[in-house]
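Note that the numbering runs from 1 along the sequence shown for the chain. A quick note: this is a predicted structure, and the numbers were derived from the prediction, not measured.
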Amino acid sequence: MSVSLERTQEISFLCKNLLSIEKIICASVVNNRGKIIESEFKNNILNLSDTELEMLYMQRALQTSMIKELDCKLGKWSYTITDRDFIVEIIIPFDDGMIFIAAESGIKIHNLIPQIHEIIDASIDIETKESVSC
């Protein structure tokens with residue numbers, strides 16, 4: 001995915017704005033191959049090596065790709081939540097990849113999702129958002 005300077009600035013702004021939400025500790029935009037386009041962390045609380053982080057993003061990119069395969073039959077996918085002992089992972093489709101968000105465990109997810117979508121809508125040009133064509 002080739003990203004223009006303007007788009008890179010939008011994505012950087014998006015990640016920084018997502019981190020402004022209380023209890024979010026990581027916001028990353030990742031392409032469909034699991035490669036980081038932009039990533040912002042609070043205090044590197046994830047404690048993962050670069051290799052482990054790359055592996056995590058690649059796993060989630062594959063998962064995202066497979067989920068999207070059924071969009072035409074089941075409806076457009078909105079987000080996935082993985083609740084772990086120490087963090088909550090939130091994956092949201094974005095362009096041809098995803099937004100990966102890590103939040104502190106115990107966060108009220110259903111209050112958080114609308115906040116995240118609000119920030120995405122405010123940070124990114126509406127015309128460039130992904131749509132499903134069946």
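Between Thr64 and Asn32 the shortest side-chain heavy-atom distance does not fall below 4.5 Å. Using a 4.5 Å heavy-atom threshold, the side chains of Leu112 and Lys23 count as separate. Using a 4.5 Å heavy-atom cutoff, the side chains of Ile92 and His117 are in contact. For the pair Phe100/Leu56, a side-chain contact is recorded, criterion being any heavy-atom separation below 4.5 Å from C-beta on. The closest side-chain heavy-atom distance from Phe94 to Ile37 is not below 4.5 Å. Between Lys35 and Glu54, some side-chain heavy-atom pair lies under the 4.5 Å cut-off.
Across all their heavy atoms, Pro93 and Ser78 have their closest contact at CD-O, 3.1 Å. For Ile25 against Leu19, the heavy-atom pair with the smallest separation is C-CD2, 3.7 Å. Between Ile36 and Ser39, the shortest heavy-atom contact is CG2-CB, 3.8 Å. Gln63 approaches Thr80 most closely through the heavy-atom pair NE2-CG2, 3.7 Å. Closest approach of Arg60 and Met98 over heavy atoms only: CB-CE, 3.4 Å.
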request  = Might you work through the side-chain contact (heavy atoms from CB on, under 4.5 Å) test for Phe41 and Leu53, ending with a clear yes or no?
outcome  = CA-CA 12 Å; Phe41 293 86; Leu53 199 56; 3.6 Å; yes
request  = Evaluate side-chain contact (heavy atoms from CB on, under 4.5 Å) for Phe86 paired with Ser105, printing each intermediate quantity in order.
outcome  = CA-CA 5 Å; Phe86 306 123; Ser105 62; 5.6 Å; no
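Looking at Val30, Ile91, Leu14, Ile11 one by one, the single match for side chain to side chain contact (heavy atoms under 4.5 Å, CB included) with Ile99 turns out to be Leu14. For the pairing with Ser12, the side-chain hydrogen bond (donor to acceptor under 3.5 Å, both in side chains) check across Glu10, Lys16, Gln9 returns one residue only, Lys16.
The CG atom of Leu5 sits 13.0 Å away from atom CZ of Arg7, with the distance rounded to the nearest 0.5 Å. Residue Leu18 holds its CG atom at 9.5 Å from CD1 of Ile90, rounded to the nearest 0.5 Å. One distance of note links CD1 of Ile119 with CD1 of Ile116; it measures 7.5 Å at 0.5 Å rounding.
A distance-only check finds a donor-acceptor pair linking the side chain of Lys42 to the backbone of Ile24 [under 3.5 Å]. Looking at Ser65, its side chain never comes within 3.5 Å of a backbone N or O of Leu62 through a donor-acceptor pair.
Note on Phe13: it does not cluster hydrophobically with Ile120, by side-chain heavy-atom contacts below 4.5 Å among ILVMFWY residues.
The number of heavy atoms from other shown groups lying within 6.0 Å of CD (Gln59) is above 12.
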